[in-house]
Amino acid sequence: MDVLLQVEDVSKRFQRKDREIQALSHVSFQIETGQCMGLIGESGSGKSTLAGILAGFQKADVGRVVFMGKDLLDAKGRTWKNRQYMQMVFQNPKSSLNPRMKIRQNLTEAIRYYPDTSIENTQARCREVMGLVELPEAYLEKYPGEISGGECQRVSIARAIMRRTEFLICDEITSALDVSVQEKIVELLKNLQREYQMGLLFISHDIALVGSLCSHILVLKEGRIVESGETREVVHAPKDVYTKHLLDSVIRIEQEE
């Protein structure tokens, strides 16, 4: 398969009062077209920082991010144009939607600034994506506060695919949801990936959840990738002590339940 996203030697530091934090250190990996990559690590490992750099919300200190053949970190390039086929779904579904707008407006805002869209096509696409995320068309006239958290996350995913999406970043999108709802969201992502053959970066601290969705896994610890490989290899034969710790944590939780 073709390489969709190439991350090369990306590093990022933050200054916090009297100390410096190395959030990312020489991170490199690639995602192929249609591939689902899981990124796992505990809180503070640098997962969201990496997501922010990929999506353009933060700047890397050094490194390259090449998406669909274009360097997104090239200051001379039109990065907004290069990123138009990349979308991100955030952790908190309620806060990622405008509460004063109906669902229809939240969806149309995602593509209103593209010159090749018309009102007729936009409204038809709204109805189409609601079907894809398995929500009633009548929900288009509801406000985010009138539906559940899981339904809001489905709306957020619908908004992310309003326009042709080649690559979707999901940053801890199930962490605020009940387990049963998490499973439904994961199943939804599987179906959408099959439908669109899009690349997917699924970020989570839950290695079991990532394993149920992704074909490959990256393990991030203190800003460094300490292990990577096919899911079955990482889960069943982990090489790094930190990966084993994450797996042991899942086993302990399951035993307690």
Side-chain angles (χ1 to χ4, degrees), residues 1-12 24 26-39 46-90 96 107-118 121-122 125 128-129 132-133 156-173 188-204 210 213-218 220 225 228-231:
M1 288 188 289
D2 296 330
V3 175
L4 178 67
L5 177 76
Q6 181 80 40
V7 178
E8 301 176 1
D9 204 33
V10 167
S11 295
K12 176 67 177 179
L24 295 173
H26 306 289
V27 172
S28 298
F29 63 93
Q30 69 179 36
I31 296 178
E32 298 176 344
T33 301
Q35 183 181 30
C36 181
M37 179 75 74
L39 177 64
K47 304 187 302 297
S48 291
T49 299
L50 178 58
I53 290 173
L54 297 182
F57 302 133
Q58 298 185 39
K59 292 184 178 180
D61 296 330
V62 295
R64 297 178 75 224
V65 176
V66 180
F67 176 61
M68 298 180 68
K70 303 292 185 180
D71 187 356
L72 299 183
L73 304 188
D74 181 5
K76 297 179 182 178
R78 300 175 68 185
T79 57
W80 66 267
K81 188 174 183 179
N82 297 338
R83 282 191 172 90
Q84 64 180 309
Y85 301 113
M86 176 190 296
Q87 296 293 330
M88 185 168 173
V89 182
F90 299 89
S96 65
L107 295 180
T108 55
E109 279 290 302
I111 59 174
R112 66 176 295 189
Y113 297 107
Y114 291 104
D116 57 345
T117 58
S118 65
N121 291 340
T122 298
R125 184 58 178 164
E128 183 179 4
V129 296
L132 288 171
V133 299
S156 297
I157 294 170
R159 183 176 60 181
I161 61 172
M162 277 289 288
R163 191 171 169 84
R164 193 184 101 210
T165 301
E166 300 288 347
F167 180 56
L168 186 63
I169 304 169
C170 297
D171 187 12
E172 295 278 9
I173 68 169
L188 169 62
L189 290 173
K190 288 180 180 178
N191 293 336
L192 289 175
Q193 196 188 19
R194 284 194 295 267
E195 175 80 17
Y196 289 101
Q197 283 298 298
M198 61 183 174
L200 180 66
L201 181 65
F202 187 83
I203 302 171
S204 178
V210 169
L213 173 65
C214 304
S215 62
H216 291 71
I217 290 179
L218 300 170
L220 195 65
I225 293 178
S228 63
E230 293 186 9
T231 298

Quiz item: What's the verdict on side chain to side chain donor-acceptor pair (under 3.5 Å) for Thr122 and Thr108, showing C-alpha distance, side-chain angles and the deciding distance?
Solution: CA-CA 7 Å; Thr122 298; Thr108 55; over 6 Å; no
Quiz item: For Val27 and Ser11, what are the C-alpha separation, side-chain angles and deciding distance, and is it a side-chain contact (heavy atoms from CB on, under 4.5 Å)?
Solution: CA-CA 7 Å; Val27 172; Ser11 295; over 6 Å; no
Self-check item: Derivation of the side-chain contact (heavy atoms from CB on, under 4.5 Å) call for Arg83 and Leu72
Solution: CA-CA 8 Å; Arg83 282 191 172 90; Leu72 299 183; 3.6 Å; yes
Practice problem: Could you walk me through whether Gln87 and Ile161 pass the side-chain contact (heavy atoms from CB on, under 4.5 Å) test, one step at a time? | Solution: CA-CA 8 Å; Gln87 296 293 330; Ile161 61 172; over 6 Å; no
Exercise. Could you walk me through whether Cys170 and Ile203 pass side-chain contact (heavy atoms from CB on, under 4.5 Å), step by step?
Key: CA-CA 6 Å; Cys170 297; Ile203 302 171; over 6 Å; no
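With Ser28 contributing its side chain and Asp9 its backbone, the two residues share a donor-acceptor pair below 3.5 Å. Between the side chain of Gln193 and the backbone N or O of Gly34 there is at least one donor-acceptor pair closer than 3.5 Å. Under the 3.5 Å distance criterion, the side-chain polar atoms of Thr165 are left unmatched by any main-chain donor or acceptor of Met86. No side-chain donor-acceptor contact under 3.5 Å links Glu128 to the backbone of Arg125. Judged by distance alone, the side chain of Arg159 and the main-chain N or O of Val89 form no donor-acceptor pair under 3.5 Å.
The distance from atom CD of Gln84 to atom CE of Met68, rounded to the nearest 0.5 Å, is 8.5 Å. Atom CG of Leu168 sits about 11.5 Å away from atom OH of Tyr196, to the nearest 0.5 Å. Taken to the nearest 0.5 Å, the CG atom of Leu201 stands 5.5 Å off from the CG atom of Leu39. The distance from atom CE of Met198 to atom OH of Tyr85, rounded to the nearest 0.5 Å, is 15.5 Å. A distance of 12.5 Å separates CG in Leu5 from CD in Glu166, rounded to the nearest 0.5 Å. Annotation: the span from Ile31 atom CD1 to Leu4 atom CG amounts to 7.5 Å, rounded to 0.5 Å.
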Using distance only, find each side-chain donor-acceptor pair of residues 46-53 under 3.5 Å and give its atom names and separation, not counting sequence neighbours.
from, atom 1, to, atom 2, distance (Å)
Lys47, NZ, Gly41, O, 2.8
Lys47, NZ, Glu42, O, 3.2
Ser48, OG, Asp171, OD1, 3.4
Ser48, OG, Asp171, OD2, 3.1

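For Arg194, there are no salt bridge (Lys or Arg N to Asp or Glu O under 4.0 Å) partners at least two apart in sequence or on another chain.
Judged purely by distance below 3.5 Å, without hydrogens or angles, the side chains of Gln6 and Arg64 never pair a donor atom with an acceptor atom.
Across Ser156 and Ser96, no two heavy atoms sit closer than the pair OG-OG, 3.3 Å. Of all non-hydrogen atoms in Leu132 and Leu188, the two that sit nearest each other are O-CD1, 3.4 Å. Taking each heavy atom of Phe90 and Ile173 in turn, the nearest pair found is O-CG2, 3.7 Å.
With a 4.5 Å cut-off on side-chain heavy atoms, Glu172 and Ser204 count as touching. Two residues are said to be in side-chain contact when any heavy atoms from C-beta on lie closer than 4.5 Å; Gln30 and Val7 fail this criterion. Looking at Ser228 and Ile217, their side chains never come closer than 4.5 Å, going by heavy atoms from C-beta outward. For the pair Val10 and Val62, the minimum side-chain heavy-atom distance is 4.5 Å or more. Considering only heavy atoms from C-beta on, Asp61 stays 4.5 Å or farther from Leu24 through its side chain.
Lys190 NZ: more than 12 foreign heavy atoms inside a 6.0 Å radius.
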